[in-house]
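Take a look at the structure below.
Every value quoted in this text rests on a predicted model; they were computed, and no experiment measured them.
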Amino acid sequence: MASAFEYAPAPESRSVVDIAPSYGLFIDGEFVEAAEGKVFKTVSPSTEEVLSEIAQAGEADVDRAVGAARRAFAKWSALPGSERAKYLFRIARIIQERSRELAVLETLDNGKPIKETRDADLPLVAAHFFYYAGWADKLEHAGFGPAPKPLGVAGQVIPWNFPLLMLAWKIAPALATGNTVVLKPAETTPLSALFFADVCRQAGLPRGVVNILPGYGDTGAALVAHPDVNKVAFTGSTAVGKEIARTVAGTRKKLTLELGGKGANIVFDDAPIDQAVEGIVNGIFFNQGQVCCAGSRLLVQESIQDELLDSLKRRLSTLRLGDPLDKNTDIGAINSAEQLARITSLVDKGAAEGAEPWSPECELPSSGYWFAPTLFTNVTQAHTIARDEIFGPVLSVLTFRTPDEAVAKANNTQYGLSAGIWTEKGSRILAVAGKLRAGVVWSNTFNKFDPTSPFGGYKESGFGREGGRHGLEAYLDV
Amino acid sequence: MSEKTEKTEQRLSVFKTYKLYVGGKFPRSESGRVYEVTDAKGKWLANAPQSSRKDARDAVVAARKAFGGWSGATAYNRGQVLYRVAEMLEGRRAQFVHEVADAEGLSKSKAAEQVDATIDRWVWYAGWTDKIAQVVGGGNPVAGPYFNLSSPEPTGVVAVLAPQESSFLGLVSVLAPVIATGNTAVVVASEKSPLPALSLAEVLATSDVPGGVVNVLSGRTAEIATPLASHQDVNAIDLAGADEILAKELEIAAADNLKRVLRPQPVDDWAATPGIDRLTAFLETKTVWHPTGSLGASGSSY
C-alpha cells in the first residue's frame, strides 16, 4: 500500500562495528585455530555478502575446550558468589556500553531488523546478565537447599534466531551458579558469540570459564556426547532435542531442552481488535517468525473473523520489508538459504493441501533471503501448516465457536511452548489460561520476555525452564 | 486340649487372589498369566498377576481419563483424599506389617517400623498438595507494565517403576508425590515383592481416590516398563525400579515424545525425610502474562 507518507531510508551505520576477516575458536581465554584447520564462512542473509571466515571446531577442539572448562571449574566454582556476581555485573555493563556495536553485528549476521536487535535483543541480553549476577551470591536463598552446588562443565548449543540472547540465557545462569561453559553458536550466526569473547576479556573473566566453539551440528553432537560434560543445555529443533535426549540417556548428565512450538493465538469476540491485531503481528512477524514461541496459529472466534482479518490484512500492508539496517524496517531477511527453502516448501504444501495464502503487495530485494509476510485462511487442523513448525513469517488462521473448542484446538499439537489469549473478560482469560498446555501464556499481549520470568515448554517443546529462579535449577545439583 | 481349640488350629485359612488395579477396578491380567510370589525364605505366598503390554496400555488409558478430574480438583480436596488414604492404611496396619514382613524378610517389629514410616510418609505428602504451588510458584517482577505469575501444574500421566527392594515404604515414597501434585499414575510394583502394592490398591479403592488416578500393575518390570516408556500418551516416567541397563533403554525410548524422566537415584534410607525433588520432578511451570497498564502496584501517593 504505497502512501504519501513513505519513509526515507534511515540506515544505521555499519562502521560502528569492526568485523575481522577471520576468527578462531575461543578456548581457554584465547583465539585458536581449529585442530583440523577447517573453516567456514558466515554471510549476511540480507546481501549474501561474506562477513568473515570462522574456524570450525571438530572433536579434538571440543576435547580441548571441555578440558579448559574443567580446569577452570575448580577455581571458578570455589570463588565466593559475590565475586562471581561482580564478573557478571561487569559483563552486563560492558554489553550495555557496547550494545550499539553488538546490535549492528547481530543484524548483519542474522538478518533481523536493527529495530529489534537494538530495542529487544540487546536490552534483554544485558538484563539477563544483570539478573543472574544478583543470584550468584544468594543461591542458598533460591529454594534449592542450603548449599546448592554447581554441576561442573556445561555444554551449551544455541540456535541462530536470537544468537546473543540465547547465549545470555545459557551463559548467565551457568556462570552465576559456578559452572564453566563450552558454548556452540549456530553455524550461520557465530559472530556475536565470538564478539562476546572480547566482552569476557574486557571483564577480566578467568581463562577457560567461557569457551566458544563455532561449528555445525556435528560439533554440537560431539560436545553433547563428551564424557566430561556434566550438563547439556540445548535450544533448537524438537528432532535434534530428541536425538540429544537419546545421547545423554544412561549418563548422569543433566539435560534441559527448549525446543519447537506451534503457538496458538486465541482471539475472542470481545477482544480489542486493534490491540489484538498488533499482538498477532508481533506474535508471528517478529524476527520474521523465526521464533520458537511464535503465535503461528491464529484461532479467531468465527463471529469476528471477517472484521479481524480485514484489519490484519490492512496492518500487514503497512509492514516494511527490506534492509535490516534501516531503522524503519519491520521485516528483515530470512536467516539462511536453507531456512528459506524450508519455509517455501511448507508454504507450497499449504497451498497444495487447499489452504488459501495471502500476502500484502511486497517487493523483495534482489539479493539475499527473503519471504513476504503470509497468512493462510481456510486452514484445518489436519493441514501440515497447522501442525508443523514453519519458523517463518507464515500465519495459519483457524476459527472456533466456543471457548472449549478454542482450548481443544489450541492443545491439539505435539508442542506446548506458548499461547496467547485476547479477550476483555478476566474470568475467561484465567479459565482458558488454566486449560492451555503451554509453558508461557500471554493474555492481551504476546512475545514478552523478561529475565525474572521462567520460560519453557510442555510436551514436545522440551523440559526445564530458563529465566527466573526456576532457571537456576538447570545448573544446580538438586 | 479341648475340642474347640483343636478346631481353631485346624481351620483352613482363606487365601487371597491378588489382582491388578486399573481404572478403579480389579481385573486379572488380560494375558491370563500369573507368577509365583514367595517370601524371603522361598515359601510360596501367592500367585500375582503377570501383566502384559495390553494391561499397561489399559492402565494408561485409565490414567489419562482420570487426569482431568484429579488435576482439576482443588488442592485442598486432593489433600483430604490423600489424608483419607493414610487413615485407611492405619486401620489396616496389621495386614501391611504382615505383608511387608513376608515380602522383605523382616521381623515383625522392623516391618512395623516400615509400615509406620510409610503411613507417616503418606501424611507428609497429603500436606503438600496445597503448599507446593506457593513454594515453587510466584509472581515475577517484570521490567515493564505487565503482571505475570508462574504456577506449577501437573505434567500428566506418570509411569512409576516402584523400587524393587522397599516394597511398601519405597513404593509410597515414589507414588504419593506423583499424585499429590495432580498427576495420575501407572505403577509397576516391585517384581519380587508385589503384594503390598496390590494390597495398597485395595486401600486406594476405598479411600475416595477416583478410579484411574492410581493404577497398579504387577509382573516383570522390564516387560511392563518398555511399552510404558515408549507410550506416546505417557508424559513422564520415574525409573526408580529399573536397573542401570534397563534404565538406559527406557530413557532412550522415553526420548521419543520427550517424556520427563526421573533417573534412578541412590537411596540409602527410604525412611529419611525426603526433599521436594519428587514433587517438582513431575511439574511443569506455566507463566501467564497480563498487561497492568502501569509500572507498579505501589505507585499510590498514600
What distance separates [X] [atom1] from [Y] [atom2], expressed to the nearest 0.5 Å?
X: A/F463; Y: B/K259; atom1: CZ; atom2: NZ; value: 11.0 Å
X: B/N148; Y: A/K448; atom1: CG; atom2: NZ; value: 12.0 Å
X: B/T155; Y: A/R437; atom1: OG1; atom2: CZ; value: 6.0 Å
X: A/K459; Y: B/L258; atom1: NZ; atom2: CG; value: 12.5 Å
X: B/R263; Y: A/K254; atom1: CZ; atom2: NZ; value: 10.0 Å
X: A/Y458; Y: B/T285; atom1: OH; atom2: OG1; value: 7.5 Å

Select one option (side chain, backbone, both, neither) describing which atoms of [X] are under 4.5 Å from chain A's heavy atoms.
X: B/Q232; answer: side chain
X: B/E244; answer: neither
X: B/V136; answer: both

List the atom of [X], the atom of [Y], and the distance in Å for their closest heavy-atom pair.
X: A/S443; Y: B/P291; value: O-CD, 3.1 Å
X: A/H470; Y: B/S150; value: CE1-CB, 4.3 Å
X: A/R246; Y: B/A255; value: CG-CB, 3.6 Å
X: B/W289; Y: A/D450; value: CH2-CB, 3.7 Å
X: B/D256; Y: A/E460; value: O-OE2, 4.1 Å

Does atom [atom1] of [X] have more than 12 heavy-atom neighbours from other groups under 6.0 Å away?
X: A/F89; atom1: CZ; value: yes
X: B/K131; atom1: NZ; value: yes
X: B/R64; atom1: CZ; value: yes
X: B/R53; atom1: CZ; value: no
X: B/K54; atom1: NZ; value: no
X: A/F130; atom1: CZ; value: no
X: B/K65; atom1: NZ; value: no

Go through [options] and name the one with the most non-hydrogen pairs under 4.5 angstrom from chain B.
options: A/G468, A/G145, A/G434, A/G456; result: A/G434
options: A/A245, A/P451, A/G250, A/A249; result: A/A249
options: A/K435, A/Q414, A/K253; result: A/K253
options: A/L259, A/T247, A/T251; result: A/T251

Engaged part of [X] at the chain B interface, taking heavy atoms whose separation is under 4.5 Å:
X: A/A433; result: both
X: A/I421; result: neither
X: A/V478; result: backbone
X: A/R252; result: both
X: A/I429; result: side chain
X: A/S418; result: neither
X: A/L257; result: side chain
X: A/F449; result: backbone

* **Test applied, side-chain contact (heavy atoms from CB on, under 4.5 Å); reference residue, A/S453; option that passes from B/L149, B/N140, B/V288** => B/N140
* Greatest number of heavy atom pairs closer than 4.5 Å to chain A - which of B/H290, B/E249, B/E153, B/E284 ->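 Option with the greatest count: B/E284.
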